[in-house]
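To start, the structure itself, in structure tokens.
Below, chain A is the first sequence line, B the second, and so on; all start at residue 1.
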There are 2 protein chains.
Amino acid sequence: MADLNKLLTPLYLNEKEIRKIIELMFFSYRDFTSGPDRVLEKIKFGRAHHRVIYFVGKKNGLTIKELLSILQITKQSLSRVLNQLVKEKFIILSTGEDKRTKKLTLSKKGQELEIKLSNIQITNIYNVIKNFDEIDINGFKKVLFKMIDEKNQKKFNEIN
Amino acid sequence: MADLNKLLTPLYLNEKEIRKIIELMFFSYRDFTSGPDRVLEKIKFGRAHHRVIYFVGKKNGLTIKELLSILQITKQSLSRVLNQLVKEKFIILSTGEDKRTKKLTLSKKGQELEIKLSNIQITNIYNVIKNFDEIDINGFKKVLFKMIDEKNQKKFNEIN
DNA sequence: TAATTAAGTCAATATGGCTGACCTAAATAA
DNA sequence: TTATTTAGGTCAGCCATATTGACTTAATTA
């Protein structure tokens, strides 16, 4: 993109500034996940378990199919993690009205873990955004949203 | 954090809004990395290779130690990836003035790959932020920066 | 009844991280 | 100058997370 620079007019749109955004994404995402990671390690779980617990906690009664479509991983990748969560009774399975489907719900134990993990991220984010005004936070959310692929933007809107 | 909500006054600081940010981070980071991932797959490299190439490209002559401190992975994790990059001549090693150290530089081949990968992310980000005004983009960058741990904020500033 | 869908399972493979132990060579401090 | 620290490398082994492809069962829908 040696040529891109020449096309760009405002300062904040030049390559160097965009590269800073690349790095901000890398560093911030790493620190965003490190808190829960440390808790998960103790109970021999990983980030994948957290994601499952997070989205089941968000929508109790989620089906496997819905979860797969959010996580965008293969059935096999999910099943390993999910089986562990069910075996250790963080998640409870039940049959849906369509009897081919299964509904996932958090047990009390699962809810407790969900809260523990999410609270780390919630308080971290709270401590960040409390020092900004609404304009900055809106800019943050709007831009971050547009960084998502359009198809996944839809998915985000569906679950929210 | 059943209690946090009661302490929070502005709407954008409540738990539900913060949970949206958690999801925005998850979805946006995934899509942020997916472009380069597809290119890397073809040449049997992974995201770890991209990171090395990215930061060596950013600062030619980087030492192993500096790279480790940016990536925050173990020597062993780096060495596997780095050895492949050196063997396949994407990266060239040379001895520093302090003869214990080694300097990493991108070869022509390495530079070409760096540009190819980064351009995907640069154009993606460009296409997002071109539609926002400076206020939104500044909010985005400021908040994202503060999402980084303080120690790593320093590191970000050092390399920029 | 046939086709599709939701879910589960098998085996094999790759990436990317980790630990701990141990080594060499060079630079620096006592 | 000797002792210590630092930069880097390496070995073996482990674990988490992802993948593909093939195949099965049971339920729903065309």
Regarding D:dG21, can its base be found pairing with the side chain of A:Gln76 as donor and acceptor, where the two atoms are less than 3.5 Å apart? yes
Expected output: side-chain A:Arg30 to main-chain B:Leu71 donor-acceptor under 3.5 Å: yes
Nearest whole Å is fine: how far is D:dT17 P from B:Asp37 CG? 17 Å
Verify the ring-centre separation between B:Phe132 and B:Phe140: is it less than 6.0 angstrom? no
Expressed as a whole number of angstroms, how long is the span from A:Arg47:CZ to C:dG17:P? 10 Å
Which residue is it: B:Arg47, B:Lys42, B:Arg51? I am looking for the one with a salt bridge (charged side-chain N to carboxylate O under 4.0 Å, His left out) to B:Asp37. B:Arg47
B:Ser77 side chain near C:dG16 phosphate (N/O to OP1/OP2, under 4.0 Å): no
Taking only side-chain nitrogens and oxygens of A:Lys65, does any of them come within less than 4.0 Å of OP1 or OP2 of C:dA6? yes
Would you state whether a donor and an acceptor, one from the side chain of B:Lys102 and one from the base of D:dG8, lie under 3.5 Å apart? no
Length of the NE2-P vector between A:His50 and D:dA16, whole Å: 17 Å
B:Leu40 atom CG is separated from D:dA18 atom C1', nearest whole Å, by 15 Å
Between P of D:dT17 and CG of A:Leu71, the distance in whole Å: 12 Å
Whichever of A:Thr74 and A:Asp98 has the more 5' nearest nucleotide on DNA chain D, that residue is A:Thr74
For this output row, return yes or no: ring centroids of B:Phe26 and A:Phe55 closer than 6.0 angstrom. yes
Treat each ILVMFWY residue as a node, draw an edge where side-chain heavy atoms are under 4.5 Å apart, and state whether B:Ile115 and B:Ile92 are in one component. no
Can you check whether B:His49 has a side-chain N or O nearer than 4.0 Å to OP1 or OP2 of C:dT15? no
Is the shortest side-chain N to carboxylate O distance from A:Glu23 to A:Arg19 below 4.0 Å? no
With a 4.0 Å cut-off on heavy atoms, is A:Thr101 in touch with a base, just the backbone sugar-phosphate, or nothing at all? sugar-phosphate
Looking only at side-chain atoms of B:Arg100, point me to the closest of C:dA7, C:dG16, C:dA25. C:dA25
Atom-to-atom span, CG of B:Leu68 to P of C:dG17 - whole angstrom: 12 Å
Could you check whether A:Lys75 gets within reach of a base, just the sugar-phosphate, or nothing at all, counting any heavy atom under 4.0 Å? base
Between A:Glu158 and A:Lys58, does any NZ, NE, NH1 or NH2 come within less than 4.0 Å of an OD or OE carboxylate oxygen? no
Separation of atom CZ in A:Phe45 from atom P in D:dT17, rounded to whole Å: 10 Å
For A:Gly46 and for A:Glu97, find the nucleotide of DNA chain D with the closest heavy atom, then tell me which residue's nucleotide is more 5'. A:Gly46
Heavy atom of residues 79-91 of chain B under 4.0 Å from DNA chain C: which residues? B:Arg80
Under the 3.5 Å rule, do the base of C:dG17 and the side chain of B:Gln72 count as making a donor-acceptor pair? no
Name the residue from B:Leu82, B:Asn60, B:Thr63 that meets the side-chain contact (heavy atoms from CB on, under 4.5 Å) definition with B:Leu104. B:Leu82
Rounded interatomic separation in angstrom, taking CG from B:Leu78 and C1' from D:dA7: 13 Å
